[in-house]
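A quick write-up on the structure given underneath.
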Amino acid sequence: MEKLKSLVPDSLKRMVAESTPDSLPRTCSSLLNFFSDMELFHQMVRDLTDPERAFCGKNKDAALELKQKGNQCFLNEDYGSALTCYSEALRLAPVDVDDMDKNLVAALYVNRASVLHKLDLLMEGRRDCNRALQISPSYAKAWYRRGKMNASLGNFEDAVHDLNIAKNLELSFGGQRQIESELRIITDMFERTESSLVQHKENELDLLDEPDQIKLKCVITPNKGRGMVAPSDIPPASLVHAEEPYALLQIISKHCRETHCHYCLNDLPPDKVSCTSCSIPLYCSQRCQIRAGGQMLRNHPVKHGIQGNISHNLDTYISEITLGNDSESDVDIPEHKHECQGVHWPTVFPSEIALAGRALIKSLAERSPVANFVDMLIVILISQIRVNSMTIFRMKSADVNGPLHQFGKFSHSEVSLTSNVEQVKVGQAIYRVGSLFNHSCQPNIGAYFVSRSLFIRTTEFVAVGCPLELSYGPQAGQWDCKDRLKFLKDEYSFRCECRACAEVNLSDLVLNAFHCVSPNCPGIVLDSCVVNCEKQKTRHVQSATGISTLEPFMQVDMLKCLPSNGSLRIDPGFCLKCDSYCDLESSFAAVNRAWISITRLKDTMVSGEISTTVLTAALNSLCLLRSTLHAYNKRISELKDAATIRSCCKVEDNLAEAFCLVGELQLALDHCKASIEILEKLYGPNHIVIGYELVKLSSIQLSMGDRTAVKNINRVSEIFSRYYGSHADKMFPYLQPLQGKLTKLVQ
């Protein structure tokens, strides 16, 4: 697809970009005529649609080859590679094919279970045994392997059942003797040990653990159309809405296809499950696979068919394991089923087009009258999906480990400085009610996701009748006004008129401001780009008293940065407080020189080889930045690359991480505190961004054996609970290890 796109001439690209509803049919015809003459286009269509050659189809020969590679890796004790080979073979193996008189998929599940057992992933291995037995209930090796898993888990009663069934099914005399020997050992352990059964259910997606008690009110406003308002006073951290994606309208991001479940969007476990009919999607559990595709793994009659002298209790035990749960296949319109049986378009098309295709399938399945106007419907759907869909994200953290000898009584495996907490896009979905919440660059609600479920909470007190507004991406204090306006116009086709974008505010002024040339003046110096944007908002603001601070905590700082006489002059290069002139060309040159050293520090941090020379140069650059940029300029904490406003180099963070890597924890602590001090000026003390930074700070404190970390960890918990309520532990699983280290330190 990318190669085809690169071949489209610029003239045709311009025609597509400038097309209108009236010219769209002609534009589409021109595009189709262009592709119709290309063999590459026809080859791609054949690869997508021909079952015999489709790239998303099953392939027995490739699966067998991967199985052999996995077997060899297992013999060589290369269990990581063996796991990869068996998992990829499961993705390609047809479910109805045998290999050496055994079902190929069942054999692969048992082989992978053996690898998982070697890796001490016992729950995962037992689940693979269950999957093998749902395909082949009389597979003695699967029952034997399951018994070994249960014994390792301490489920001795189940282990005895499994091995008795395996012995009953095993045909070879040698195999029976081996099972009997192990059965005697496990039976003895069962009789001497009070067994506590370890159970583990696959992902149940039982996420709505809080009542959705607030009945929101939808209103129509002159400027923003439909929107949601508070029907009563709502306290901070209140859950105001929870919702699942609408019907088929959710899809995984392409870069997450190998790492996240295609249904619930959670991380894939080692025992990931493939689609039974094609080789594209991967799932975290059989439940997700069934709900996405509507197909059971079972490849045998309803009765398990195991013969022999089996008691009623054992017969029931076998059925519970091998027959699965038929109710899981009761899905109205499975998301993946129509793609699996035809062409898997999500692997080729952008998310908006794939979602539009799913919406069209839903309309056709429901025999909707609008489905008769397919061409018009697709165009409308793509436009609406682009504007109304929500990005599903996950919180991702990365750890930087320091040298062992610097960390006192903590072991190397226990200590890490969490260097980054960032949002990673994993999918896109339509939420019927969620799409009604309007945008503000100064939001009073926040959205987050647990699995594919949307949750919306208030982040501050919201009075009755006030709009409930969330951020579609940029917020005041993160991006300056001109970049926020451009992003929202490009992505969502509207010009933002929220308070932060309509009024001159201190946050936008200081975000990219320069230091006044007068050493003792705390005034603000702006460049021409910021000035031009802010002047659009100063038509009704003639004095400094008319500038909004957006947040109460900025009130004192506003008085320091702005003129005391109340007059307001916003011109490039002139200090807003004392009217001194600053040579911006020299200031930009100084920032660029500092940037070189900071970039060099980042590059050496990737390799882990940081020299004193590089660190010293970076520290000198930081001093240069502090003398050139305003004290509250976010670029001191997050220096923005000139190429793109969203490509950030965290100067203080980089220095903190670098000092951690070389074992200078006190210096790392100092720079981490400096970063937090700047960010608190921009966001306030209780913003989620501060919570992320406090995670890093408390990690360093724990590494140093500093008991004052308890204060910061408690503060992190308070901030995260304010934004995520009872889901904070699900969103940030690394909090529990931090609290565990703290307990160990206090003891």
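Heavy atoms only: backbone and side chains are in, while hydrogens, waters and symmetry mates are out.
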Partner residues of Thr84 under the side-chain hydrogen bond (donor to acceptor under 3.5 Å, both in side chains) criterion, sequence neighbours left out: none
Partner residues of Asp78 under the salt bridge (charged side-chain N to carboxylate O under 4.0 Å, His left out) criterion, sequence neighbours left out: none
Under the salt bridge (charged side-chain N to carboxylate O under 4.0 Å, His left out) test, residues paired with Asp267 that sit two or more places apart: none
Where at least one partner belongs to residues 75-98, residue pairs that pass ring pair (Phe, Tyr, Trp, His ring centres under 6.0 Å), sequence neighbours excluded: Phe74-Tyr79
Contacts of Ala429 that satisfy side-chain contact (heavy atoms from CB on, under 4.5 Å) - sequence neighbours left out: Pro245, Gln250, Ile392, Tyr431
Salt bridge (charged side-chain N to carboxylate O under 4.0 Å, His left out) partners for Glu65, two or more places apart: Lys69
Salt bridge (Lys or Arg N to Asp or Glu O under 4.0 Å): pairs with one or both residues in residues 162-177, sequence neighbours excluded: Arg146-Asp162
Residue list, salt bridge (charged side-chain N to carboxylate O under 4.0 Å, His left out) with Glu182, at least two apart or on another chain: Lys148
Listed partners of His161 passing ring-ring contact (aromatic ring centres under 6.0 Å, His included), at least two apart: Tyr317
Ile185: side-chain contact (heavy atoms from CB on, under 4.5 Å) partners, not counting sequence neighbours: Met189
Salt bridge (Lys or Arg N to Asp or Glu O under 4.0 Å): pairs with one or both residues in residues 105-121, sequence neighbours excluded: Arg112-Asp128
Counterpart residues, side-chain hydrogen bond (donor to acceptor under 3.5 Å, both in side chains), relative to Glu258 (two or more places apart): Arg91
